[in-house]
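To start, the structure itself, in structure tokens.
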Amino acid sequence: MIAAIEGTTVGLMTLVILIAGTTNGLAGFGFALVGTMALATVIDPATAVVFMIIPILAVNLSLVRDLSREELRTCSRRFGPLIGAALVGTVVGMAVLSSIPTGPLRVGLGVLTLGFVATAQRRIPLPEWSAGGIGTFAQTRVGMLGVGGISGLLFGGTNVGVQLIAYLRSFDLSHGLFVGVVALVFLGLNGIRVGVAGLFGLYPSGIVLFASVVAAIPAVIGVAVGKRLRITASERSRRLVVLGLLTVVGIRLVGGGAGIL
């Protein structure tokens with residue numbers, strides 16, 4: 001419970017959110033994953049998931065502004081079925097969040113994190129399906145409904161949206177457009193999650209909700225810093241930063257949930 005956390009831990013949480021924001025501004029993704037997983041190592045995982053909703057919303061709002069009006073309209077039409085199905089899946093995922101035990105949830109989050117690292121790295125070749133290869137059918141409207149529903153279910157309960165990111169990467173968008181589209185998708189998902197979290201009583205207290213709102217400030221600052229770094233950083237360095245952070249956090253989550261660390 002955040003109300004009982006010492007000042008040192010609050011400072012650490014602020015630093016985590018700032019770093020996660022910088023990561024997202026730099027690579028175009030990673031805020032929800034890095035932030036949620038890192039926080040889940042120091043506070044209750046279910047609380048960490050809910051706590052991150054408003055900062056994630058703020059981050060995606062700042063990123064979606066990079067899209068022009070025409071790009072925004074085109075992407076909304078093109079990925080409308082994906083967003084709609086993901087919204088439904090997200091609500092279902094949030095409904096079951098409070099019933100998941102802390103230990104297994106930590107282990108599950110850690111496994112998902114390390115799984116993403118394994119599929120995103122490029123040193124060891126993996127089968128196409130495990131690296132996020134998407135067939136032609138998956139890019140149709142019907143395919144979007146399936147991908148969106150399943151991905152939304154996972155995102156609603158864990159804040160893990162890497163499966164959506166892998167899917168969107170299959171469309172071979174430019175880096176700038178990819179960042180904007182990812183922000184657009186998650187902006188819609190997190191917009192509804194704020195209301196659903198309140199409706200389901202997922203915020204443990206008013207203090208947690210207030211802290212979540214305040215956390216949006218370092219999140220947006222981090223994104224601004226990351227955007228500046230993106231201009232000079234190579235794609236390889238961006239990937240190393242994101243995957244390195246996620247590897248450390250994933251190991252810590254699995255070890256903590258299993259009682260090893």
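Computed from heavy atoms alone, side chains included, the values below leave out hydrogens, waters and symmetry copies.
Contact annotation: the side chain of Ile53 approaches that of Met94 to within less than 4.5 Å [non-hydrogen atoms, C-beta and beyond]. Looking at Tyr167 and Leu82, their side chains come closer than 4.5 Å, going by heavy atoms from C-beta outward. Side-chain contact between Asn190 and Phe155 is present, with heavy atoms from C-beta onward closer than 4.5 Å. Residues Ile56 and Leu187 form no side-chain contact, since every pair of their non-hydrogen atoms from C-beta on lies 4.5 Å or further apart. Side chains of Val91 and Leu87 form no contact here, defined as non-hydrogen atoms less than 4.5 Å apart.
Ser62 places a side-chain N or O within 3.5 Å of a backbone atom of Val59 that can act as its donor or acceptor partner. Listed for the Thr247 side chain is a donor-acceptor partner under 3.5 Å among the backbone atoms of Leu243. In terms of modelled atom types and a separation under 3.5 Å, the side chain of Thr36 and the main chain of Leu33 share no donor-acceptor contact. With hydrogens and angles ignored, the 3.5 Å screen pairs no side-chain donor or acceptor of Arg193 with any backbone N or O of Thr90.
Within the structure, ring pair (Phe, Tyr, Trp, His ring centres under 6.0 Å) pairs that include any residue of residues 191-215 do not occur (at least two apart or interchain).
Pairing each heavy atom of Val50 with each of Ala197, the nearest pair is CG1-CB, 4.3 Å.
There is no path of hydrophobic side-chain contacts, each under 4.5 Å, that joins Phe186 to Ile150. Under the 4.5 Å side-chain heavy-atom criterion for ILVMFWY residues, no single connected hydrophobic cluster contains both Leu154 and Leu145. Placement of Met52 and Ile192 within a single hydrophobic cluster is found when ILVMFWY residues are connected by side-chain heavy-atom separations under 4.5 Å, directly or transitively.
Here Ile19 contributes atom CD1 and Thr14 contributes atom OG1; the two are 11.0 Å apart, rounded to the nearest 0.5 Å.
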Evaluation steps, ring pair (Phe, Tyr, Trp, His ring centres under 6.0 Å), between Phe171 and Phe79: CA-CA 11 Å; Phe171 286 84; Phe79 297 104; 5.1 Å; yes
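With sequence neighbours excluded, no residue satisfies ring-ring contact (aromatic ring centres under 6.0 Å, His included) with Phe178.
Remark: of the listed residues Asn60, Val64, Leu189, Val64 is the sole one forming a side-chain contact (heavy atoms from CB on, under 4.5 Å) with Leu184.
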